[in-house]
Amino acid sequence: MSSFYSKSVKDTVELGNKLGSKLSKGKVVAYFGPMGMGKTAFTHGLAEGLGIDEKNVSSPTFALVHEYKGKENKLYHFDMYRISTWDDLYSTGYFDYLDAEEILAVEWSENIENALPEDCIKVIFSPGENENERNIEIIGVDLL
Ligand SMILES: Nc1ncnc2c1ncn2[C@@H]1O[C@H](COP(=O)(O)OP(=O)(O)OP(=O)(O)O)[C@@H](O)[C@H]1O
Ligand SMILES: [Mg+2]
């Protein structure tokens, strides 16, 4: 497990970028932590690190899943905030993307914990000491 302390949105995006550059086919990045912690911001960085020129990484809350396409990689960004049953989860296509070994970033993974692959990367957000600060713990990958 690695612990990071983000002092700005920029720090969070940079950390996401670093992780993105290490991701390969089939990896699932599972985010945990309350609203407004920077999960979507982190995903901006993740897309950048995957070489995806994506200026429109936005919260998928209403769409449930957004697809970002780069030249070499694709990223599927899920928001499970409203998912509470297996039927809900099936209807998002989550399992189809898993089977296709796509790269997934999943907000509100708390809601689908039993459906996460064992080898997923967990990114856990919690508030820092000040308004613009966050604790970010990353489990399941070596970022050094
Ligand atoms: N250090 C920081 N890292 C990330 N975001 C920060 C930080 N400090 C302040 N913020 C602010 O917190 C908010 C994070 O929003 P973001 O949409 O990324 O959160 P989220 O975790 O995806 O929330 P939700 O669960 O509602 O989808 C933004 O308004 C951003 O400006
Ligand atoms: Mg979000």
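Atoms within each ligand, like the ligands themselves, are counted from 1 in listed order. Quick caveat: nothing in here was measured; it's all calculated off a predicted structure.
- Atoms of ligand 1 found under 4.0 Å from any heavy atom of M37 (numbered from 1 in listed order, with element): 4 (C), 19 (O), 20 (P), 21 (O).
- The ligand atoms of ligand 1 that sit less than 4.0 angstrom from a heavy atom of A41 are 18 (O).
- Considering each of R134, E131, M35, H44, the one bringing a non-hydrogen atom nearest atom 26 (O) of ligand 1 is M35.
- In terms of polar-atom proximity, defined here as any N/O pair under 3.5 Å, E107 does make such a contact with ligand 1.
- The Mg ion (ligand 2) has an N, O or S atom of E107 inside 2.8 Å of it.
- Residue E133 places no N or O, backbone or side chain, under 3.5 Å from any N or O of ligand 1.
- Residues Y97 and F78 form a side-chain contact, since some pair of their non-hydrogen atoms from C-beta on lies under 4.5 Å apart.
- Ring geometry, H66 versus Y68: the interplanar angle exceeds 60°, so the pair is classed perpendicular (tilted spans 30 to 60°).
- The shell of residues lying under 4.0 angstrom from ligand 1, judged by heavy atoms, includes V9.
- Side chains of S3 and N135 form no contact here, defined as non-hydrogen atoms less than 4.5 Å apart.
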Could you walk me through whether I83 and W108 pass side-chain contact (heavy atoms from CB on, under 4.5 Å), step by step?
CA-CA 9 Å; I83 301 301; W108 292 96; over 6 Å; no
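- In this structure, W108 counts as a contact residue of ligand 1, since one of its heavy atoms falls inside 4.0 Å of the ligand.
- Under 2.8 Å from the Mg ion (ligand 2) lies an N/O/S atom of T40, whether from backbone or side chain.
- A salt bridge links K10 with E14; the closest basic N to acidic carboxylate O contact falls under 4.0 Å.
- At least one side-chain heavy atom of F125 sits less than 4.5 Å from a side-chain heavy atom of K39.
- Within ligand 1, counting atoms from 1 as listed, the ones closer than 4.0 Å to a heavy atom of N132 are 1 (N), 2 (C), 7 (C), 8 (N), 9 (C).
- Under the 4.5 Å side-chain criterion, counting only non-hydrogen atoms from C-beta, E133 is in contact with Y5.
- Of the N or O atoms in K7, none lie within a sub-3.5 Å distance of an N or O in ligand 1.
- Side-chain contact between Y81 and E107 is absent, with no heavy-atom pair separated by less than 4.5 Å.
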